[in-house]
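Here the structure is laid out as structure tokens; the discussion comes afterwards.
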Amino acid sequence: EWQLVESGGGSVQSGGSLRLSCAASGFSFDDYCLGWFRQVPGKEDREPVSVICAVDGTTYYADSVKGRFTGSSDNAENMVYLQMNNLSPEDAAIYYCVAQVDTPVLRDVWTLPTVYTYWGQGTQVTVSS
């Protein structure tokens, strides 16, 4: 049975850092692209943050986080990470780990939440000004 379990959320002040982790199980890690979406409570949209494709480490970032967030993976441990630096209140949200089979189509549409089959339960990130 597949699982995506996030950890590492919390509360920080503006300018601070957090590192999110996602433990994946139940599927062949190297065949997938995994990453992060976020959603502000009360809002409907899930915003793409970063996705990494395990087989070659290609990493995608939303413009809003480029230069501040770094996605990475440990293929041996089936783990995905998101290092978040210089956080601002606009980054406050529930962060979800996602996974989907790596395909050329996925790499073209990685920003669409509807293409991801697997979602974790989410971890809350709060940033105070």
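Note that the coordinates shown come from a computational prediction; the quantities given were computed from them, not determined experimentally. For reference, positions follow the sequence shown, starting with 1.
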- Query: Sub-3.5 Å donor-acceptor pair from the side chain of Thr59 to the main-chain atoms of Gly57, do we have one?
  - Reply: yes

- Reported CZ-to-OG distance for the pair Arg68 and Ser88, which is rounded to 0.5 angstrom: 5.0 Å

- Message: Looking at Gly122, is its backbone amide N or carbonyl O close enough to the side chain of Glu6 to form a donor-acceptor pair, meaning the two atoms are under 3.5 Å apart?
- Response: yes

- Query: Roughly how far, to the nearest 0.5 Å, is CD1 of Ile94 from CZ of Arg46?
  - Reply: 8.5 Å

- Note on the structure: CG of Leu112 to CD of Gln100, rounded to nearest 0.5 Å, is 11.5 Å

- Query: Which other residues end up in the same hydrophobic cluster as Val55, if Ile, Leu, Val, Met, Phe, Trp and Tyr are linked when side-chain heavy atoms come under 4.5 Å apart?
  - Reply: none

- Item | 4.5 Å side-chain heavy-atom contact, Asn78 and Ser25 | no

- Task: With sequence neighbours excluded, tell me which residues meet side chain to side chain contact (heavy atoms under 4.5 Å, CB included) with Ser11.
- Result: Thr126

- Item | Partners meeting side chain to side chain contact (heavy atoms under 4.5 Å, CB included) with Leu87 (sequence neighbours left out) | Val12, Leu18, Phe69, Met84, Asp91, Val127

- Contacts of type salt bridge (charged side-chain N to carboxylate O under 4.0 Å, His left out), residue Asp45, not counting sequence neighbours: none

- With sequence neighbours excluded, give me every disulfide bond (SG atoms under 2.5 Å apart) pair touching residues 65-129. Cys22-Cys97

- Task: Quick one: list whatever passes side chain to side chain contact (heavy atoms under 4.5 Å, CB included) with Asn75, sequence neighbours left out.
- Result: Phe29, Asp30, Ala54, Ser73

- Task: Check whether any side-chain heavy atom of Leu82 lies under 4.5 Å from a side-chain heavy atom of Val65, and answer yes or no.
- Result: no

- Note: with side-chain heavy atoms under 4.5 Å as the link, the other cluster members for Met79 come out as Tyr81

- Query: Does anything in residues 43-77 pair up under disulfide bond (SG atoms under 2.5 Å apart), and if so which pairs, sequence neighbours excluded?
  - Reply: Cys33-Cys53

- Query: In the hydrophobic clustering (ILVMFWY, side-chain contacts below 4.5 Å, transitive), which residues join Val5, or is it alone?
  - Reply: none

- Does Thr103 have any side chain to side chain contact (heavy atoms under 4.5 Å, CB included) partners at least two apart in sequence or in another chain, and if so, which? Val101, Val105, Leu106

- Can you name the salt bridge (charged side-chain N to carboxylate O under 4.0 Å, His left out) partners of Glu77, sequence neighbours left out? none

- ring-ring contact (aromatic ring centres under 6.0 Å, His included): pairs with one or both residues in residues 35-62, sequence neighbours excluded: Phe37-Tyr116, Phe37-Trp119, Tyr60-Trp110

- Interatomic distance, CD@Gln3 vs CZ@Phe27, rounded to 0.5 Å, equals 10.5 Å

